[in-house]
Amino acid sequence: MRLIICVLAMLMLVPAKGAAEANTKWERLWEKADSLYGVQQYDEALRYAELSAEALRHEHSIEGESDVMNLMALIYVRKGEFNEAVKCARRCYEIDVKQGDPDNISSSLNTLAGIYMSMRQPREAEKYILKGIDYAQKADNPQRMAVLHGMASEVYQHLGNHERSLYYATEAYEMEKALGRKDKMAIRQAERAPALIALERYDEAQKALNEAIPGLRESGNLHSLAIACNQMGLLMHRADNDSAAVRYYHEALDIFIAQHDLYNESRSRQGLYEALRQTDPAKAMEHNDRYLELRDSLYDKDTGELLSKYAAEYGVGELKAENRQMQNYIIIGIVGLAVLVCLGCVLVWWMRRRQKQRIAQLIKQIETLKPQPSVVEEQPNEVVEENNEDHKFLMKLVEVVNASLPTGHYGVEQIAQEMNMSVQTFRRRLLSATGESPKAFISALQMERAAKLLTDNPDMPISRVATLCGYDETNSFGRSFKRFYNLTPSQYRDKTA
């Protein structure tokens with residue numbers, strides 16, 4: 001899904017647009033909503049924001065509507081309701097453009113960039129955030145500039161431009177330092193860390209996180225703290241300090257579970273698997289199994305979000321909204337893209353189902369391989385000879401592949417060499433005997449061998465099963481196994497025990 005969770009923390013940092021004293025009912029309600037948003041109580045924040053919007057309608061005033069719509073957009077993003085977020089963000093931008101306030105316009109553009117990031121469209125987000133920085137410069141608002149530079153760092157991180165990501169995060173940090181905002185300095189250091197890690201500047205990354213983590217704890221910014229702990233866990237694991245890595249990953253995991261953040265929970269689980277696999281393999285596999293479950297649930301969730309993304313596109317619209325005809329073209333394009341996505345999902349499902357059926361058929365064929373009589377009266381001699389030759393060929397191939405899997409040397413060229421054949425001859429021979437490719441046949445042998453090992457060896461570690469089946473990574477083995485059997489290796493073993 002990259003629901004892109006880390007960028008959502010950025011949206012919490014947008015300074016309030018309105019600076020007027022809260023004299024009216026809508027202002028008091030808005031301030032209450034803004035306060036609740038700041039402490040991550042999003043349901044209550046939304047309730048007060050809606051009451052504030054209703055008070056504005058009763059007062060027949062559009063003054064402050066931009067503030068309310070901006071806050072509601074941020075709340076909806078945190079709740080994952082992107083269609084509603086887009087509606088509010090679009091309305092907010094329209095109001096700000098009419099009023100011509102560059103500071104407010106820059107804030108609206110920052111919100112739109114955040115929504116695009118949440119929908120995994122960093123290229124679109126880049127357009128909004130760069131335009132937002134231009135408006136913030138015109139407004140001469142250093143706080144807003146720091147927020148926008150922080151968002152720009154997130155955008156370029158997800159675009160893979162780590163040098164530019166580091167540049168914007170460092171600029172944001174220096175701005176916060178000049179403003180004396182220590183809590184925000186901690187956030188900016190946490191933003192610098194992933195860019196430094198990607199650039200393999202590990203000492204600088206650890207130094208940045210050593211400043212960020214205590215500051216985030218002190219300020220109570222739990223989401224950013226947990227992301228920073230995941231990053232520190234990764235650094236500690238790479239430094240072979242797995243005991244420290246486990247502590248940081250566990251701190252992050254507790255926060256993400258409490259916040260129902262599945263994506264980042266999966267990252268913590270994956271990190272704990274890597275950090276524990278040598279010292280506590282059983283616990284490591286528990287985290288690995290949960291990680292695999294989360295990956296599957298996120299895939300399903302991502303599929304739905306991908307389809308709804310195009311509906312959200314229409315809600316955002318073009319910023320200039322040139323004319324109705326252009327809007328119609330956009331709608332047609334969105335519908336077409338949605339249809340293509342649906343067809344793509346169906347095609348992927350069909351291909352996976354077909355591949356699974358083919359491997360199942362091969363497994364049955366492998367399981368039934370046994371010595372055959374040399375003469376079968378009901379068949380012509382040439383057919384019997386052909387069948388016996390196929391049988392001998394497949395028996396030898398099974399023996400060669402099973403011997404090669406634990407060594408990891410089971411590529412088509414290596415197997416063909418062991419069979420004393422050229423690659424081309426080997427492919428033709430296998431296709432004639434089974435109707436399948438070498439890759440499909442080897443995959444079937446791996447799955448058949450894995451199932452047998454799990455059933456016959458209840459105490460054998462999953463990592464050992466993976467190795468014996470030709471997998472270097474237990475994660476990769478678990479994904480392949482579950483894709484075929486619809487169960488994780490541990491679940492399969494429990495079921496067949």
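Under the rule for a salt bridge (charged side-chain N to carboxylate O under 4.0 Å, His left out), E50 has no partner lying at least two apart in sequence or in another chain. Evaluation of the salt bridge (charged side-chain N to carboxylate O under 4.0 Å, His left out) rule for K138 yields no partner, not counting sequence neighbours. When the side-chain contact (heavy atoms from CB on, under 4.5 Å) test is applied to A89, the partners found at least two apart in sequence or on another chain are A73, T111, L112, I115. Considering only residues two or more places apart in sequence or on other chains, R269 meets the salt bridge (charged side-chain N to carboxylate O under 4.0 Å, His left out) condition with E265. For E218, there are no salt bridge (charged side-chain N to carboxylate O under 4.0 Å, His left out) partners, not counting sequence neighbours. Under the side-chain hydrogen bond (donor to acceptor under 3.5 Å, both in side chains) criterion, D43 pairs with K79, sequence neighbours left out.
Inter-residue side-chain proximity for L29 and K32 is flagged as unmet; no heavy-atom pair is nearer than 4.5 Å. Side-chain atoms of Y202 and L196, non-hydrogen and from C-beta on, never get closer than 4.5 Å to each other. I197 has its side chain within reach of L235: a pair of non-hydrogen atoms, C-beta onward, lies under 4.5 Å apart. You'll find the side chain of L130 stays beyond 4.5 Å of the side chain of D134, heavy atoms only. No side-chain heavy atom of M175 sits under 4.5 Å from any side-chain heavy atom of K184. Between Q446 and S480, every side-chain heavy-atom pair lies at or beyond the 4.5 Å cut-off. Within the 4.5 Å cutoff, the side chain of Q259 has no heavy atoms near those of the N264 side chain. Side-chain contact between M236 and Q206 is present, with at least one heavy-atom pair separated by less than 4.5 Å.
With respect to the salt-bridge test (charged N to carboxylate O, under 4.0 angstrom), the residues K98 and E94 do not qualify. Between E251 and R217 there is a salt bridge, since a side-chain N of the basic residue sits under 4.0 Å from a carboxylate O of the acidic one. At a threshold of 4.0 Å, the pair R290-E293 counts as salt-bridged, since one of the basic side-chain nitrogens sits closer than that to a carboxylate oxygen.
F477 and F481 have tilted rings, their planes meeting at an angle from 30° to 60° on a 0 to 90° scale. Taking the six-membered ring where tryptophan is involved, the planes of Y168 and Y156 are essentially parallel, since the angle between them stays under 30° and well short of 60°. Ring geometry for Y128 versus Y116: interplanar angle under 30°, hence parallel rather than tilted (30 to 60°).
Closest heavy-atom contact between R188 and A169: CB-O, 4.2 Å.
The distance from atom CG of N221 to atom CG of L216, rounded to the nearest 0.5 Å, is 5.5 Å. With rounding to the nearest 0.5 angstrom, the CG atom of L109 is 8.0 Å from the CD1 atom of I129. Taken from OG in S107 to CZ in R144, the straight-line distance is 4.0 Å, to the nearest 0.5 Å. Note: H149 NE2 to E154 CD = 14.0 Å, rounded to the nearest 0.5 Å.
Using modelled atom types, one finds no donor on one side chain facing an acceptor on the other under 3.5 Å when comparing R267 with Q270. A side-chain donor-acceptor contact under 3.5 Å links E211 and Y173. With no hydrogens or angles considered, a side-chain donor-acceptor pair links S243 and N241 at under 3.5 Å. There is no side-chain donor-acceptor pair under 3.5 Å between R277 and S463.
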Pair D289-S490, side-chain hydrogen bond (donor to acceptor under 3.5 Å, both in side chains): steps then yes or no: CA-CA 8 Å; D289 286 348; S490 297; 2.9 Å; yes
Using the salt bridge (Lys or Arg N to Asp or Glu O under 4.0 Å) rule, take E84 and K87 through it: C-alpha gap first, then chi angles, then the decisive distance, then the call. CA-CA 5 Å; E84 294 301 319; K87 292 176 186 176; 3.4 Å; yes
Verify salt bridge (Lys or Arg N to Asp or Glu O under 4.0 Å) between E54 and R57, making sure each step is shown before the conclusion. CA-CA 5 Å; E54 185 179 350; R57 288 193 292 271; 5.1 Å; no
Evaluate the side-chain hydrogen bond (donor to acceptor under 3.5 Å, both in side chains) criterion for residues Y273 and T474: first the C-alpha distance (whole Å), next the side-chain angles of each, then the deciding distance (0.1 Å), finally the verdict. CA-CA 10 Å; Y273 163 71; T474 308; 3.0 Å; yes
Worked verdict on K207 versus E204 for salt bridge (Lys or Arg N to Asp or Glu O under 4.0 Å): CA-CA 5 Å; K207 182 178 179 181; E204 293 176 70; over 6 Å; no
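The main-chain N or O of S165 is found under 3.5 Å from a side-chain atom of S153 such that the two form a donor-acceptor pair. Side chain of T170 to main chain of L166: a donor-acceptor pair is present (N/O by atom type, distance under 3.5 Å, no hydrogens or angles). With hydrogens and angles disregarded, a donor-acceptor distance shorter than 3.5 Å links the side chain of W30 to the backbone of D67. Between the side chain of Q189 and the backbone N or O of A186, no donor-acceptor pair lies under 3.5 Å. A donor-acceptor contact shorter than 3.5 Å is absent between the side chain of Y167 and the backbone of H162. Proximity of a side-chain donor or acceptor of Y492 to a complementary backbone N or O of K482 within less than 3.5 Å is not detected.
Taking a 6.0 Å sphere around CD of E174, one finds it holds more than 12 heavy atoms contributed by other residues, nucleotides or ligands.
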